[in-house]
Amino acid sequence: MIHTLVLGLVALPLLSALLLSAFGRRFSAEVVQRLLLLTVALVMLCALALFPFLDSQAAHDAGDLFAIVWLPGSGRMGLHLGSSGLTMALVTAASLFLMQLIFDEEQAASRGALFSAPLMLVALAAANAAFLSSNFLGRYVALEVVGLCIALAPLLELPQGMRVTRSVYMALRVGDAGFLAAILLLMQATGTLDIAAALAAGEALSAAQLAWPVGGFLLAVWVKVGAWPLHGWIYAGRLLRPTTRGWLYGILMPNLGLYLLYRVTPLLRVAGPLRDVLFGVGVLAVLVALWLAFSQRRDAGRLFPALGALGGGLALCFAARGAAAPVWWLAVAFAPLQVVGNFVAKKLAAKFSRFLAADSILPSAQLLPIARQLQHRVEVGMLGRLVLGVPQAVLAASRWLYRVVEHGTLEGGLRASSRAVLGMGRWLQRWHTGSLRDNLAWVVVMLLVVMLIIVGGG
Amino acid sequence: MSEGEIWVIAPLLCLAAGAFFVYLIARFITARNEVLASFSALVCLLALLSLTMLARRCVGCIPAWGNFAPGGVVLRAEAGALVISGIALGLGVCIALYSGCYLAQDQHHITYYPLVLLMLLGLVAMVMTSDLFSLYLCCELMSIAAYVLVAFRRATDTAIEAGFKYLMMGSVGTLTMLMGVALVYRETGSVAIHQALVAPGLWARAGLGCLWVGLSVKSALVPTHTWLPDAHGRAPSSISALLSGVVIPSALYVLLKVSLGVGIPARDVGLVLLVLALLNMTLGNVMALLQTHVKRMLAYSTIAQMGYAMFGVAVGLRYGLPAAVQAGFFLLVAHAAMKGLAFLSKGVCHFYCHTTTIAELRGIFYRLPLAAVTLALALAGLAGVPPLAGFVGKWFLLSEILRAGDALAYGAVVLFLLNSLVALGYYLPLIATLFAPLPEGDAVEQVAVSAWMSVPLVLLAALVVGMGVFPEPWWRWVEDVLVF
Amino acid sequence: MDLKTLWLILILGAPLLAAAVLVLFRRHLGAAAGWIAGLGAALPLLAAFALLPVLQHGGEPALAVVWIPALGIELDLHVDWLTLPFLMTEAGVSLLAIIYAWGYHHRDERTPYFYALLLLFAVGMAGTTLADDMFLFYVFWELMLVASCVLILVWGDGEQRGPVALKYFIFTHLGSLLVLAALVMLYNAAGTDRFSELRAGVTLPAEQVPWLIALFVVGFCVKMAIFPLHLWLPDAHTVAPMPVTIMLAAAMLSMGTYGILRFPLSLFTRAQLQPFVVPLMVAGVISEVYGALMALAEQDVKRVVAYSSVSQMGYILFGLGTLTYNGIAGATLHVIFHAIVKALLFMVLGLVVHATGKRKLSELGGLGRAMPLTAVCAGMGALAISATPPFCIFDSEWLLFSGGFETPYTLLTVAALLGSLLTVAYALWLVGRIFLGAEPEGGWHVTKPPLAMLAPTVFLAALALLEGLFPAPLFDWVAHELALLLGGVW
């Protein structure tokens, strides 16, 4: 029973995605929407039905479900029925269901659903696997799949989506690199990749040992919740269809990030002086997120992405103080808040079009110029130069290296050395073009040298 | 009173009689090139067979023949002399056959075959003599024949010029030798090679110095090598093959024999040779890079290859490693086969397609596939591509040289390896040129190569491959080359 | 002579025989030339698989023929667990490259020579892995170079092929000479040229050991194209015809890794190698980052992927340098997986060039609509090379980085890990530019790719995924291999 239900959480969306991608062309957009809703509803039912089994003897006996050894040496990886993971899975699925309902009629006409519905279903399946995974490696794989789905969405929905896809995927990979480094280091320190075991063993480690892994996890969380300055990817979603933007970009990834933060909170608790730094970072993140949110134009697409960072920052503050419960509640409440926010925004958009036509949602007109100024200076200036500048800097560096090192120094050196050999040859050639007298002179020279050696040296 | 192993003079008699009779045949019976070529080849073959008999009869001893009384002339067939004469006669067979077609366009082949045989006679006698004066005489015999052969195509000015340059340089060399012999004789009253000079006086030492210089001109050691590119470049290819393959190594061998025979310490000889070897290989390789004429390039490559061989010998002498000397002589043998093959293949291209420069050889593969393949094989061998003869030689050389564990040797090895790299810079483009596609529109006709030419090419090519794949017998052959 | 010896001979004999047939009967073969070459390349792969059970039962197929008794040089062939992964990779890549050549290569009267040289190239690589003595090792090592050089020289693209082939030969020969010097030093010091005897334990003069290691490592790094010894690679890869490029990039580069595993890591102790850990790891990271940056700066698609090889070899060197179980196992696996993915990427490029005749990134774009299957394969290749799980390269990078974190040099490993993001960047950039992006005016009118080119591409794309999903057998092979290294003590 447990097996079937857990399988349902992962396999149902996958099957449905397969069906949609195979036969989607024959279905109308409406059918696609209905199928999506149906699948998500079934997933929610599966999750709900699993709650009674939590902490039951049956669940305990089952241990890790569908456990396999993928990479030998990395331990068994499977799905573990834990209350927090299951709750997050339920919340995430429910938020998809609701978002889909909210924006149903808006999207019914567009054929884009045909492409993005399977994508969202795959992402849902992978997210469920990530929430329930008992092994860090399994989680990493699932997160990669989610990341891929998120990155592919612009490609399918926007006419020239490749540019967006590229930057989104790169940003997500930065976070994943942090995650990968963290779990590898944690494995190195604790000898296991089993999430529960590794975290338990991790609490016994020293602050110095934990610094790198915590840093890696934090980088991962930072990217996933879209906190400044790694929030570019989440804003890139604003051009997409409402569900894709609202759920795939706005809810799914931040949810995974918040859940990750919740899970690694015990490590932060023991991370020593690092905790104060983290607390400061959290406060800063909250402030930046608030400011970013309020200085934006009045547009849900621009407002809601900041929520992830807000939640992440708050959660980090709590986590740094060792309070796991608030982190947990933030993680659980985040998706419902987003759904409600989106719903309200949609309803308001119709009624308060005049209000929305104004530039900012800042209530006071006096504050507006200051915020604008700040935005111009910091958001465009600093961010534009520093963060968006990183890829440009890398490209510039690569071109510079290409020109100066590869072609200037290395290839040039190669050419210069071959020229030197040839030059030496030309210099030597003078002997050979010389007259017979010159050539005979060399015999005399040699004779003299030999005489000198023999007569002088004995 | 002459006594000893009579087989020692058998090859000499063969060659002398052959030279005489081939001239008689040409003069009075028939001047047909093919007949003369086959007769000369037969003579060389007979001489080679008698040399083989000689080697078989005396295992573990040095056969000698002559007047053993003090002041008498004795011929001694040491292992080294057998090796050098063996190469010379083997290559002689090949070029005699080759000339059967190669000289078809020339007018004066009546004198060619006797001269070749005389040159070989002088060479074989030179490496076998055991006294300085006969050495000088044999060297002159060999050289004079060689001068004439270099200028053989006397219709062209360049050949005359090259021959004249060779004559002048060579004569200065041999005269210096003669002076050296006289000086040594003046002080010691003896001209024996195999008799160590005890505490030589100033005159004797000066005499030895003159001998050194004279022989180094003959063996084209830098800086007295300047005659070689011209001589090799202008002589008929068959003669270039002989000059490069055996004449120069024979002078080198004699140089070693004299130096060690009169008792110069091996360490000192080794040091001097080491310096000269490094000069030779560097200059040869660098100069070869600049050449546009194939044969001149091959000539410089000879200088470089002599440098490699000398390198082995030098290290062997300096550090007391007999196997390094062996490796050096293995390279000499391999070089004779490879360079002979290269010159002969080039000659085929010249004979059929009138090519002299590297650029003209472009796409020659599509006209003369056999010659192109053998030339490529020879060049690859010279470049040290496994599993050809040159590679095995270099492997032996390197493996023995690295046993000498001091900074000088290691530095020399670095220079040697760099030289191998530089050498690729002229061998490879030439190989590439041979197989490069012809310009569009050029009519490609395969030319049938005469069997007179193709047989020696195939023989030598088989040798180049065979020495690489089965180096064992050849390695054994060059054992004890410096035991006198 | 028992069956396993026969298989062993077949690995070298079949391609040699096929090459001889191709050359001797070149006038009568026509279209059959490709099939004969394919057969000649398929048999070694079959033989390698046939030898697998022998190895698994603890046997080590070997063949010894006395060659030069005076110097104690023998012709020894030998298969052990260190040979196997490289042999399989080489044989597989060669077969696929030859099949690909059926479609790619334009047939003319020189075609039999082309296939014969491809086979010789394959023999060179197979022999390098099989040789159990230094002499034979070096002979095959050079055969590999000569055959590939001739292929570039005669069938290369463009007027630059002559100079490029020369550069390739001389540059790589430099590495060969260093290796040769090291081999000869080792031979002189140990008195034997057989690897099996060397591994059984030799005592070398202590002051020679660092020199030997350095010579071997630098020499093999030339073949691996580690910065700054990589200069031969981009040109050679770009000019070579695509089947040759595939064999160069996917199989020949790995021979450098094999050399490092076979000599320094097999013969010396951990203590002797310890001073080289940091230099190797640093060189690996530099090469990884530098190669990726060069790939980002390039405009020619073949050169982009060629520089990607420089980068990928950096990962391998990094893994080898860690001297940890995971690092070395990861390096070996990375060789195999890189071969799969790099062959896949070059095959995709071959399809693109075949269809459009263009190689500049700025002239390509939007091909995905015209060549959907190729685009999917390219996408899989790009994901695989950027180490996205569950594609195969993730598996090996996982091991590489976990090996890196086992060393005390965490910062270096973090640098390597972050450097791998550059791989993502150029892979996405390349595939995005070619297959997505804007189509030219009027869209693409592409010629339909031949099945012989498409089939290996699809096969490799599937293999990249399958190997990633089910890596256990390969991990098992590599575990056997590691028992041969560093005394087998981990």
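Numbered from 1 within each chain, the chains take letters A, B, ... in sequence-line order. Model, not experiment: these values are computed from the prediction.
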> Quick one: what part of C:Leu428 sits under 4.5 Å from any heavy atom of chain A, side chain, backbone, both or neither?
Replying inline: both

> Under a 4.5 Å heavy-atom cutoff, which of A:Arg403, A:Arg166, A:Met187, A:Arg399 has the most pairs with chain C?
Replying inline: A:Arg166

>> Tell me every residue that passes ring-ring contact (aromatic ring centres under 6.0 Å, His included) with C:His230, counting only those two or more places apart in sequence or in another chain.
In response: C:Phe227, C:Tyr290

>> Are A:Leu148 and C:Leu383 packed together at the side-chain level, in the sense that at least one heavy-atom pair is separated by less than 4.5 angstrom?
In response: yes

> Hey, is the main chain of C:Pro471 close enough, under 3.5 Å, to the side chain of A:Trp70 for a donor-acceptor pair?
Replying inline: no

>> Quick check on the interface: out of C:Ala329, C:Ala295, C:Pro390, who has the most heavy-atom pairs with chain A under 4.5 Å?
In response: C:Pro390

> Which value, rounded to the nearest 0.5 Å, describes the distance between A:Leu185 atom CG and C:Thr410 atom OG1?
Replying inline: 6.0 Å

> Who wins among A:Val405, A:Val145, A:Thr409, A:Ile68 for the most heavy-atom pairs under 4.5 Å with chain C?
Replying inline: A:Val405

> Where is the tightest heavy-atom contact between C:Arg303 and A:Tyr402, given as atom of each residue plus distance?
Replying inline: NE-OH, 4.0 Å

> Can you list every pair that meets ring pair (Phe, Tyr, Trp, His ring centres under 6.0 Å) and has a residue in residues 168-189 of chain A, with sequence neighbours left out?
Replying inline: A:Phe179-A:Phe217

>> If we define contacts as heavy-atom pairs under 4.5 Å, which of C:Thr413, C:Leu293, C:Val289 has the most with chain A?
In response: C:Leu293

>> Using heavy-atom distances under 4.5 Å, tell me whether A:Glu406 contacts chain C through its side chain, its backbone, both, or neither.
In response: both

>> So for A:Leu401, is it side chain, backbone, both, or neither that comes closer than 4.5 Å to the heavy atoms of chain C?
In response: both

> Who wins among C:Ala472, C:Pro389, C:Pro228, C:Ser386 for the most heavy-atom pairs under 4.5 Å with chain A?
Replying inline: C:Pro389

> How far does CG of A:Leu184 sit from CZ of C:Phe401, to the nearest 0.5 angstrom?
Replying inline: 8.5 Å

>> Nearest 0.5 Å, please: how far is OG in C:Ser402 from CG in A:Leu193?
In response: 9.0 Å

>> Is any side-chain heavy atom of C:Lys167 closer than 4.5 Å to one of A:Leu414?
In response: yes

> Would you say A:Ile183 and C:Trp398 make side-chain contact, with heavy atoms under 4.5 Å?
Replying inline: yes

> For chain A, which of C:Asp395, C:Leu418, C:Ile170 has the most heavy-atom pairs under 4.5 Å?
Replying inline: C:Asp395

> Can you say whether C:Val414 sits under 4.5 Å from chain A via the side chain, the backbone, both, or neither, judging by heavy atoms?
Replying inline: side chain

> Side-chain contact, heavy-atom cut-off 4.5 Å: A:Trp212 with C:Leu411?
Replying inline: yes

> How about residues 370-378 of chain C versus chain A: which residues have heavy atoms under 4.5 Å apart?
Replying inline: none

>> Less than 4.5 Å apart, side chain to side chain, heavy atoms only: is that true for C:Asp235 and A:Glu411?
In response: yes

> Looking at residues at least two apart in the chain, or sitting in another chain, which of them share a ring-ring contact (aromatic ring centres under 6.0 Å, His included) with C:Trp429?
Replying inline: none

> Between A:Val394, A:Val174, A:Leu137, which has the largest tally of heavy atom pairs under 4.5 Å with chain C?
Replying inline: A:Leu137

> Side chain, backbone, both or neither: which part of C:Leu296 has a non-hydrogen atom closer than 4.5 Å to chain A?
Replying inline: both

> Taking atom OG of A:Ser74 and atom CZ of C:Phe475, what is their separation to the nearest 0.5 Å?
Replying inline: 7.5 Å

>> Please give me the minimum heavy-atom distance between C:Thr388 and A:Arg173, naming the atom from each residue.
In response: OG1-NH1, 3.1 Å

> By a 4.5 Å heavy-atom criterion (distance strictly below it), what part of C:Ala387 contacts chain A: side chain, backbone, both, or neither?
Replying inline: both

